[in-house]
Structure formats: structure tokens, C-alpha cells
Amino acid sequence: MNDTHKGSHLAQNQKAARKKQKRRSEKPAEQDELQEAPEEVVPVSPYKESYEWIQCLVLALIVCVLLFVFVARVIDVVGYSMVPTLDDGDKIIITRWAGDYEQGDIVVLRKETLREEPIVKRVIAVEGQTVDIDFTLGIVYVDGVALDEPYVNELTYTQEDFEGPITVPEGCVFVMGDNRNNSTDSRDARVGCVDTRYIMGKVIFRIMPLSKMGAIYGSDG
């Protein structure tokens with residue numbers, strides 16, 4: 001009787017142990033299934049995606065506007081006074097943030113005593129420098145030194161109102177066009193030495209025509 005009871009109790013214990021082990025073996029499998037189950041993909045609303053694109057475009061537009069208002073501007077060249085460096089109809093980028101104006105820089109300025117439209121000229125001398133021109137030989141002198149001007153269309157033979165030598169006043173520049181004999185510039189009394197406050201900016205890049213697109217570097221034109 002006792003042996004029968006012990007046998008039955010042992011059989012129950014063995015059966016319980018097998019069930020417990022089975023549950024243990026099934027549990028990792030269930031965990032693996034949970035880990036391997038793919039995450040649910042939430043579809044993106046086409047309206048939300050379009051809104052994000054519009055936000056990006058508006059932001060890019062605002063940045064461009066700020067750049068062109070406060071950093072750079074696009075200007076059309078009007079006339080032929082800067083031939084061969086720049087031609088009528090060329091589109092150029094100017095900036096006021098390219099450092100101080102130096103001899104050889106190409107600048108865009110306003111001079112209402114001449115005309116309302118912006119004009120493009122090259123800086124020949126800055127404040128404190130003395131300009132003189134030999135109109136017989138067509139040579140421009142700055143501080144007594146003849147300028148090497150490979151960028152001009154032809155030598156300077158047209159005198160206009162110039163009576164030199166002239167020392168450029170403080171805060172001003174002396175400007176001339178590269179097409180020397182077809183340019184109204186500081187030789188003309190209506191322009192004279194230009195106050196730098198009238199300068200809109202320095203020319204840094206030509207964007208049109210595409211065949212001549214590129215940077216503009218000072219006296220290298």
C-alpha cells in the first residue's frame with residue numbers, strides 16, 4: 001500500500017517536472033516570435049509630406065531673399081563703357097561684404113548727377129592717391145607710376161573735364177571705364193571722385209551670358 005502510494009506520488013512528480021520543462025522550452029520560442037515580429041509601419045500622410053516640402057521651399061526662398069538683400073544683388077550692365085571686360089546686357093553679382101575698395105576693383109555705383117541707373121566702373125585710385133593722365137600717350141599714372149592696364153579696350157586719349165593731377169579725397173575713389181574713350185567716369189565733372197557711400201557693391205561674379213560665366217577678380221577683370 002505504501003509502495004503503491006510512493007509510486008503514484010513519484011509518477012506525479014515526474015509528470016509535473018516534464019510539464020515545467022516543456023513550459024520553459026516553449027517560453028524562449030514565444031519570446032523569439034515576439035522579437036522577430038515586424039514592427040507595424042504607420043503610413044505617412046501625403047498631406048503631411050507635401051506640407052514639409054512646402055516648408056523647405058519657403059525657408060529656402062527666405063534665405064535667398066535675405067542673401068540678395070543684405071549680402072549680394074544681381075545687376076544688369078547697361079552700356080559699353082566696360083568693354084571688353086563687361087558688355088551691355090551682362091548680368092553680374094555684387095556684394096557690399098567683400099572688404100575695402102581697392103585699386104583695380106570693379107564696382108557698381110549710383111551717381112544721380114549723371115543718371116538714375118547704376119553704373120559700372122573700375123577703381124583706379126583710392127583716397128590719398130594722386131591720379132594724372134598723359135592724354136598724348138594715353139597713359140594713366142597713380143602716385144607717379146604708370147598703370148599696367150591689360151584690361152582696357154584702348155589707351156586713354158579722351159580728356160573730358162580732367163585737369164590733373166588730382167588727389168583723391170578721403171572716403172572717395174577715382175573710377176574709369178575699361179572702354180576708356182567711350183566712358184563717362186571720374187574724368188567728367190558730373191561724376192568726379194565718387195564718395196564710397198554711393199557705391200552699391202563690388203562685382204564678384206558674372207552669371208550671364210553663360211559662355212562667360214565666372215568670377216571677376218580685381219584688375220584681372
Exercise for the section: Drop me the distance from Ile199's CD1 to Lys111's NZ, to the nearest 0.5 angstrom. Expected result: 10.5 Å

Handout entry: Contact list for residues 123-137, test salt bridge (Lys or Arg N to Asp or Glu O under 4.0 Å), sequence neighbours left out
Key = none

Practice task
Sequence neighbours left out, what pairs pass salt bridge (Lys or Arg N to Asp or Glu O under 4.0 Å) with at least one residue falling in residues 183-193?
Solution key: Asp185-Arg187, Asp188-Arg190

Practice task
Flag yes if more than 12 heavy atoms outside Tyr198 fall under 6.0 Å of its OH atom; otherwise flag no.
Solution key: no

Handout entry: Asp178 side chain vs Pro84 backbone, donor-acceptor pair below 3.5 Å
Key = no

Fill in the blank from the handout: Across all chains, not counting sequence neighbours, the side chain to side chain donor-acceptor pair (under 3.5 Å) partners of Asp195 are Arg197

Exercise for the section: Starting from Leu137, walk the hydrophobic network (Ile, Leu, Val, Met, Phe, Trp, Tyr; side-chain heavy atoms closer than 4.5 Å) and list everyone else you reach, by chain and number. Expected result: Ile139, Tyr141

Sequence neighbours excluded and cut-off under 3.5 Å, please list the side-chain donor-acceptor pairs for residues 161-169, or say none.
unit_1	atom_1	unit_2	atom_2	d
Asp161	OD2	Ala189	N	2.9
Thr167	OG1	Thr130	OG1	3.0

Fill in the blank from the handout: The reported gap from CD1 in Ile124 to CE in Met176 (rounded to nearest 0.5 angstrom) is 6.0 Å

Practice task
State which residues pass salt bridge (Lys or Arg N to Asp or Glu O under 4.0 Å) with Lys212; sequence neighbours excluded, sorted by chain then number.
Solution key: none

Practice task
Using atom types as modelled and distance alone, determine if a side-chain donor or acceptor of Lys202 lies under 3.5 Å from a backbone N or O of Asp100.
Solution key: yes

Exercise for the section: Supply the atom-to-atom distance Ile92 CD1 to Arg73 CZ, rounded to the nearest 0.5 angstrom. Expected result: 11.0 Å

Practice task
Using atom types as modelled and distance alone, determine if a side-chain donor or acceptor of Asn179 lies under 3.5 Å from a backbone N or O of Tyr80.
Solution key: yes

Completion exercise
Rounded to the nearest 0.5 Å, the CZ atom of Phe135 sits from the OG1 atom of Thr156 at a distance of 7.5 Å

Exercise for the section: Quick one: pull up CD1 in Ile204 and CD1 in Ile93 and give me the separation to the nearest 0.5 Å. Expected result: 6.0 Å

Practice task
Tell me, with the steps shown, if Val77 and Asp87 meet side-chain contact (heavy atoms from CB on, under 4.5 Å).
Solution key: CA-CA 7 Å; Val77 177; Asp87 209 341; over 6 Å; no

Completion exercise
Rounded to the nearest 0.5 angstrom, the CZ-CZ distance for Arg122 and Arg180 is 8.0 Å

